[in-house]
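A, B, ... follow the sequence lines: proteins, then strands. Residue 1 opens every chain. Side chains included, hydrogens not; waters and symmetry mates left out as well; all remaining heavy atoms used.
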There are 4 protein chains.
Amino acid sequence: MHNDLAAPTRDVRRPTRQHTGRRRNAAARDAILQAVFELLRNGGGSGLTIDAIAGAAGVGRQTIYRWWPSKGAVMAEAMVRGAGAIVPVRDSGSFKDDLAQFLIDIFAVLEDQGIRRALRQLVAAAQYDGHAAGALAEFTAQRRATLRSLLERGIASGDLSADANLGLLIDVAYGVLWYRLLVGHAPLDAGAARDLGTHLVAVARRAGE
Amino acid sequence: MHNDLAAPTRDVRRPTRQHTGRRRNAAARDAILQAVFELLRNGGGSGLTIDAIAGAAGVGRQTIYRWWPSKGAVMAEAMVRGAGAIVPVRDSGSFKDDLAQFLIDIFAVLEDQGIRRALRQLVAAAQYDGHAAGALAEFTAQRRATLRSLLERGIASGDLSADANLGLLIDVAYGVLWYRLLVGHAPLDAGAARDLGTHLVAVARRAGE
Amino acid sequence: MHNDLAAPTRDVRRPTRQHTGRRRNAAARDAILQAVFELLRNGGGSGLTIDAIAGAAGVGRQTIYRWWPSKGAVMAEAMVRGAGAIVPVRDSGSFKDDLAQFLIDIFAVLEDQGIRRALRQLVAAAQYDGHAAGALAEFTAQRRATLRSLLERGIASGDLSADANLGLLIDVAYGVLWYRLLVGHAPLDAGAARDLGTHLVAVARRAGE
Amino acid sequence: MHNDLAAPTRDVRRPTRQHTGRRRNAAARDAILQAVFELLRNGGGSGLTIDAIAGAAGVGRQTIYRWWPSKGAVMAEAMVRGAGAIVPVRDSGSFKDDLAQFLIDIFAVLEDQGIRRALRQLVAAAQYDGHAAGALAEFTAQRRATLRSLLERGIASGDLSADANLGLLIDVAYGVLWYRLLVGHAPLDAGAARDLGTHLVAVARRAGE
DNA sequence: AGTTAATCGAGACGGTACGTCAGGTCTTGGC
DNA sequence: GCCAAGACCTGACGTACCGTCTCGATTAACT
């Protein structure tokens, strides 16, 4: 059925056909993710229906189910891709400045109401949809790794003690962020970012003394 | 809902009659809250329907809507009532011990998978239901107040500096708690409670130095 | 609905409740049947969807499924009710005239393209839907009974022989009708009705000689 | 699909290349018709899908659409080919015997439940599919022609009067057959065939007297 | 004691969204 | 260029819930 001469050694291992038929269209996949993210940002996140997604993406409903197992899964992936606007770690030479700037940058992204709504939806979906939970776990792990590399630079520079509990520090930073985001009792602005940065540096230095 | 003053002639004819008819049955209300909490703890939170609540409580659906404006509202109230098992603040004389014990007690309550699921559901519901959001805000405000009173005792005793940023400290404590609860990347056990307690005391003491 | 005078001993005999809840709304049922018949007559019978029925009747989709088990069933009942416009048997004193007039009247009803389409749809649905098949059987049995009573008058008057095979005569009459209706190779007009009437009388008279 | 003879000049410019590409595979066509007929006879006619046909025939879906314009068309052709098992007209010298035998032979074929189901499906499909309607018309026209030739022999032999209404007689015969087949209120067995034969001869003889 | 009216459990109502299934078209790599 | 496979868009299906409305029964204050 295929050309034996082209891959003589492969035939032995894969005697049967691997695939036939039309290939999946990655453009459709992208259009769906794009549409989901836009709808989450602009429309009311609650009323996000599969039909609306399909309509906005110019795609059939079945195609969505072909790529993702549930609505939560596609929502999660869309938000990881869209909301994961990379907040870069700067390197100014001063660890304290870099940390403060990192937090300020993150909080600045969260000024956007659409991003806020999208992230809240992601957490909500993760509570009852296993796929969304997986996506959220992956998303947050990535974010924690970024912050960890920054904190490790602080250890190297001596701003943080060598035995600082980095895992806890990271959870403190993102914990405050998510807690305020989800409950909404306190602002997420530049002042909050500065306070949080001060807190992290203070405790980390103290930890080694 | 309408104003009787707009119909003065009726007041003349029925000046005294305040109310007639059967009174609401508080037992039904309790049965509903009880049923919701049980379903949240045991069943899969996703499939929590009004029908299921009514069935479990032995109640008609309309009765639920008579007492609460939305599913999120009744869920929220049930969880505030059920999950709000009071974790008392102890007074052993040592602020540090009391703080550590407070966190350990809270984390012990969270060992229960049902409580965990219920709290996660509450946060999820709050993201798309205004009533649930209100209930969550009230719930968390109450919890923050409790912790704040404990921390103020720490200031009084001199364990914390007088100008410590209590609001931030509280958000750090609950932020770590909720973040780990919602994302699930790290355990919520006695060790975590101790680490968190140490962190809070260390930073707060440092802050005033 | 029940007799309260039976009162004190009631609990013993009927310990359980007979019925609670809102009663079914016969008006909705009628609206559905009406809408189905109109859609079958006017619209293209092929594209008759449950949604279209529900929309035309101003009814929810579930209500249709509450009353009938399948689309074929509701189609069948609608057509039995709508297309079963009673063609009365006349009694002019002359059996032959009455038979001829009966056939002419039936064929006249079939001049209406909508009725034609509806009847064809009924037969089509009956081929793959058991409920529709039942409705068709009932419908045709009723029609055969009507014709049989007319033919029996013919026997009484001596126009038909006493041992005429009435079952076959009836099937001949309706067989020709349905065959032409379904295949469409020959017209169903007054001339056809007269020919068919002549045929029936001729063969039935002969049969006894 | 186009006629090469219509473009003689093309042959001059490309004298050698008569045709490129794989030729249509008539075997695939046969396999499809065979598969459709088998599925109609054995499986439930209702759930006959294009996918099922393609699968049973070992054929791609597109191949079916290359040969027929719609599902009704392929169903109709399959049934005309499969169910059109030729019932030959015999010539024993006796018209009455030949007619009776013809009807008995036809009814014998209809003993097969699969044939019955297939024919009912054909009629059902013809009610909403123009292609199937065409196929049914062609099929029935062919059957009527066969019976007509037999009846004309009856006129030649003097068993039928010269001015008998052959069109009506044919419709009576097939009408009774289809009516009983579609409604199912009476059997289609040898006894029924004999009754029908007697009826036809009786009326036809009488008609000329 | 009788009247009046709001509540109760139950369940039908008009809707909206779901996830699946089928139809007919388009695309891919192989022949 | 035909073929099998299968992804694509479309649209109907039957189900699950939603929040409201209606039913007979119950219950409690006011007459």
*On DNA chain F, nearest-nucleotide positions of B:Pro69 versus C:Ala52: which is more 5'?*
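Per heavy-atom nearest nucleotide, the more 5' residue is C:Ala52.
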*Is any N or O donor-acceptor pair between the side chain of B:Arg61 and the base of F:dG19 shorter than 3.5 Å?*
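By the distance-only test, yes, there is a pair.
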*Sequence-distant partners of B:Ala135, side chain to side chain contact (heavy atoms under 4.5 Å, CB included), two or more places apart*: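 Per chain and number, B:Ala135 pairs via side chain to side chain contact (heavy atoms under 4.5 Å, CB included) with B:Ala76.
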*asked:* Show every salt bridge (charged side-chain N to carboxylate O under 4.0 Å, His left out) that has at least one partner inside residues 55-66 of chain A, sequence neighbours left out.
replied: A:Asp51-A:Arg61
*Atom CZ of D:Arg66 to atom P of E:dC26: distance rounded to whole Å?*
12 Å
*asked:* What is the distance, to the nearest angstrom, from the CD1 atom on C:Ile32 to the P atom on E:dA12?
replied: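 Answer to the nearest Å: 14 Å.
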_Please check: side-chain N/O of A:Arg41 versus main-chain N/O of A:Ala118, any donor-acceptor pairing under 3.5 Å?_
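A pair under 3.5 Å: no.
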*Of all the choices, F:dA7, F:dC13, E:dG19, which nucleotide is nearest to the side chain of C:Ile50 once you look at every atom?*
F:dC13
*Consider the side chain of D:Tyr65, meaning its heavy atoms from C-beta on, and name the nucleotide among F:dG14, E:dT25, E:dC8 that approaches it most closely.*
E:dT25
*Of B:Gly58 and A:Asp51, the one whose closest DNA chain E nucleotide lies more 5'*: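 The residue mapped nearer the 5' terminus is B:Gly58.
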*DNA chain E: 5'-proximal contact among C:Ala26 and B:Ala28 (nearest heavy atom)*: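 Nearest nucleotide further toward 5': that of B:Ala28.
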Looking at [X], I'd like to know whether one of its side-chain N or O atoms comes within less than 4.0 Å of OP1 or OP2 on [N].
{"X": "D:Lys71", "N": "E:dG24", "result": "no"}
{"X": "B:Arg24", "N": "E:dA6", "result": "no"}
{"X": "D:Thr63", "N": "F:dA4", "result": "yes"}
{"X": "A:Trp67", "N": "F:dC8", "result": "yes"}
{"X": "D:Trp68", "N": "E:dG23", "result": "no"}

*asked:* Just to verify, what does D:Ser70 make a side-chain hydrogen bond (donor to acceptor under 3.5 Å, both in side chains) with, not counting sequence neighbours?
replied: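 Once residues adjacent in sequence are excluded, the partners of D:Ser70 under the side-chain hydrogen bond (donor to acceptor under 3.5 Å, both in side chains) criterion are D:Asp129.
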_Contacts of C:Arg24 that satisfy side-chain hydrogen bond (donor to acceptor under 3.5 Å, both in side chains) - sequence neighbours left out_ =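 Counting only residues at least two positions away or on another chain, C:Arg24 forms no side-chain hydrogen bond (donor to acceptor under 3.5 Å, both in side chains).
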When you compare the protein's N or O atoms with those of nucleotides 21-23 of chain F, which come within less than 3.5 Å of each other, and at what distance?
| from | atom 1 | to | atom 2 | distance (Å) |
| --- | --- | --- | --- | --- |
| F:dC21 | O2 | C:Arg22 | NH1 | 3.1 |
| F:dC21 | N4 | B:Gln62 | OE1 | 2.6 |
| F:dT22 | O4' | C:Arg22 | NE | 3.3 |

All N/O donor-acceptor pairs, side-chain side in residues 27-36 of chain A, below 3.5 Å, sequence neighbours left out:
| from | atom 1 | to | atom 2 | distance (Å) |
| --- | --- | --- | --- | --- |
| A:Arg29 | NH1 | A:Glu77 | OE2 | 3.1 |
| A:Arg29 | NH2 | A:Glu77 | OE1 | 3.2 |
| A:Arg29 | NH2 | A:Glu77 | OE2 | 2.8 |
| A:Asp30 | OD1 | A:Arg81 | NH1 | 3.4 |
| A:Gln34 | NE2 | A:Glu38 | OE2 | 3.4 |

*Going through the checks in order, is the side chain to side chain contact (heavy atoms under 4.5 Å, CB included) test met by A:Val123 and B:Gln127?*
CA-CA 9 Å; A:Val123 173; B:Gln127 303 316 310; 5.8 Å; no
